[in-house]
Amino acid sequence: MSEITEDKKRSVEHDSLERNVKPRLEKGVAPIKQEYLVIGGVQADYNDDEAESSKHTSGEKESKKEKKRGQNKKRDLRQAHEEIKLCSSVVDPNDKTKECPYGADKCRFSHDIQAYLASKPADIEGTCPVYAAIGYCPSGVKCRWLGSHYNPETGLLLEEEGVEKKEHKGEVNWISATTKSQLQKKKLPMPVSDEMIRFLDSVVIVNDEKNSMTKEERENHEPDQNKLNAASYTESRFRTGEKKRLNLRNAKIVSPLTTVGNLPYRRLMRSLGADVTYSEMALALPLIQGSNSEWALPRAHESEYPGFGVQIATAKHWQACKAAEAIQTLTSHVSELNLNCGCPIDMLYRKGEGSALLENPSRMLRILKGMSYSSGEIPVTVKIRMGVKDDKPVAENLVRRVLNETDVAAITLHGRSRQQRYTRAADWDYISRVGAVVKDYNEQQEEDKDKVDTPPVYFVGNGDCFTHEDWHRAVSDEGIDSVMVARGALIKPWIFEEVEAQQYLDKSASERLAYLEKYAKFALEHWGSDEYGVNSARRYLCEFISFTHRYIPVGILERLPPKLNERPPPWKGRNELETLLGSSDYKDWIKITEMFLGKAGDGFSFIPKHKSNSYEKQ
Ligand SMILES: Cc1cc2nc3c(=O)[nH]c(=O)nc-3n(C[C@H](O)[C@H](O)[C@H](O)COP(=O)(O)O)c2cc1C
């Protein structure tokens, strides 16, 4: 990680920005300069608690809803359906080797390209962004920009000369349908986790866990209750020194972010200076059951490796072991495996997952040990909160146990309790106290000659980081190696550029629009440029804008620093585009998507998280 020297700092662009001027506005309200205030508008309304839990619903009938998780399935995500559905074997007319296993007569999809083309909506104007990026278009005749890479006379697609056509180009950690099917049938050998589960079963009083198992879980797991054999475990412990090395010191880290932290967003963040990114949280059970939507989560863009972490959630050591072994054997580009012990939402909490593990340290430690043993060379890390209840922080003691009893390579602490809402600030004093515990531990390890080759355990703080000042203040604490940034990196994707430059950058509206355009292009490369891909890209771009619109340009603020928790009064930008980018009206978000993705079709609907009504195009 590069150090920032005085000569590298850029000159301050905005001398006019007054610092530490007393806010004239009420507490919690962003101090917008008088001339940008709009009289009579609507005050912005954000709900980050709701945003964090959007994909995982709460309520009593969880099991059915739970099945709907995966790629943002909670809300009504109606896709525009194509009139004629084309068989995938004819999507690329240049490739004559693909055969339909059913034959044209029996296939339930059409093989008639001309009829398909006649029923297809008019092309989106311009050049296909995917073709422009990689020299061919994997969406073939289904592409919504088909005219830019299709010769209607020959019926063939255009391709750049010598281009290498590769499935999932630029993306890693794809697993085959055959492997998923093996997982589904429980046919994938898992010798390492089987051994570890036998051991862990033997140290645990299995009964209370067994009683809480669902039928499905019992079917997946029949614990063998061997006698306690602590000696063999000690020998088989996978120490961090034997695993791939992490280096999180001063690393620029983007949090795991359900729904919004998708592959195109992370790719964008990598291009904007992030060193470490995480998958959206994946549940261990559907992973080991070979669920398609869950295995979409560990996929990454090649630019994310090294420095890509997969986050899992579970309350059972056997699930943790198997998921860890599956990830270790089936993926090739994972730098760390992270256990989620912070997720506040009811659905997970009631099952003992996420932040519920904070209340059950023995279980958490068992899971971490199991993951460490079963994940081979992939180091294991953990993300925790301060505790469950506001007045009962447990992280300090918990971290002592994690350090002494497991082999984690890093610990991230979000300085809030489960009970605490986002409206109250994260507690960085507490984070610092826990950092001191980790520092002491690392110093002791260094003194111990036998462990001289063991890397330090990294300690990362998390909560409310929104400016370079927040970031540098945190890492100037000797116990804190780095900061994990979540909402700050969504609202202000160039945050790491500011961290590097150690100054606020007053990005123009067109620069900010260019980030959204880049996201849209990455999204089309990822989801495809056909009807499905364009709809997905539009939906996730709207999700992204639901954060980016919250940015208030520093040039129109009366005082710095800006704060994450401050709500702006109604305001207007310095030009029309800036006003549009700051609009909290989701109809405007759709308008923005139309600049890159063509007109939203009748079937497109988008429901912002904090609204109960949906917007549908008229
Ligand atoms: C939309 C959203 C999704 C999140 N998803 C996850 C997740 O999948 N895993 C996780 O550990 N934390 C998740 N979090 C929590 C963040 O990683 C982070 O701990 C929290 O937002 C505090 O950091 P911040 O103040 O920088 O936003 C999510 C937060 C938000 C706002």
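Atoms within each ligand, like the ligands themselves, are counted from 1 in listed order. Start at 1 with the first residue, then count along the sequence.
Of the options V254, D470, N462, the smallest heavy-atom separation from atom 18 (C) of ligand 1 is shown by N462.
The two residues R512 and T548 have their closest heavy-atom pair at NH2-O, 3.8 Å. Between G370 and S374, the shortest heavy-atom contact is O-OG, 2.8 Å.
Put simply, no part of Y278 is less than 4.0 Å from ligand 1, judged by heavy atoms. Proximity of G463 to ligand 1 is established by a heavy-atom distance of less than 4.0 Å.
Of all atoms in ligand 1, numbered sequentially from 1 with element shown, those under 4.0 Å from a heavy atom of M281 are 8 (O). When each atom of ligand 1 is checked for a heavy atom of D464 under 4.0 Å away, the hits are 24 (P), 25 (O), 26 (O). Residue R487 approaches ligand 1 through these ligand atoms, each under 4.0 Å from one of its heavy atoms: 24 (P), 25 (O), 26 (O), 27 (O), 31 (C). Residue-ligand proximity, V260 to ligand 1, at heavy-atom distances under 4.0 Å covers atoms 1 (C). For ligand 1 and S255, the ligand atoms under 4.0 Å from any heavy atom of the residue are 16 (C), 17 (O), 18 (C). Each of the following atoms of ligand 1 lies closer than 4.0 Å to a heavy atom of K383: 10 (C), 11 (O), 12 (N), 15 (C), 16 (C), 17 (O), 18 (C), 19 (O).
The shortest N/O to N/O separation between C465 and ligand 1 does not fall below 3.5 Å. At least one N/O-N/O distance between N340 and ligand 1 falls below 3.5 Å. Polar contact with ligand 1: absent for E280 (N/O pair, distance under 3.5 Å). Distances between N or O atoms of P256 and those of ligand 1 include at least one value under 3.5 Å.
Cation-pi contact between K439 and F459: absent, since separation from the ring centre below 6.0 Å together with deviation from the ring axis within 45° is not met.
Side-chain contact between H526 and S536: absent, with no pair of heavy atoms (C-beta onward) separated by less than 4.5 Å.
Around CZ of R421, the count of heavy atoms belonging to other residues, nucleotides or ligands within 6.0 Å does not exceed 12.
Look at K521 and E525 and you find no salt bridge, because none of the NZ, NE, NH1 or NH2 atoms lies under 4.0 Å from a carboxylate O.
Remark: the backbone N or O of I378 is not paired with any side-chain donor or acceptor of Q328 at under 3.5 angstrom.
Between Y504 and H468, the angle of the ring planes goes over 60°, which puts this pair in the perpendicular group of the 30/60° scheme.
Screening I592, L581, I590 for a side-chain contact (heavy atoms from CB on, under 4.5 Å) with I545, the sole residue that qualifies is I592.
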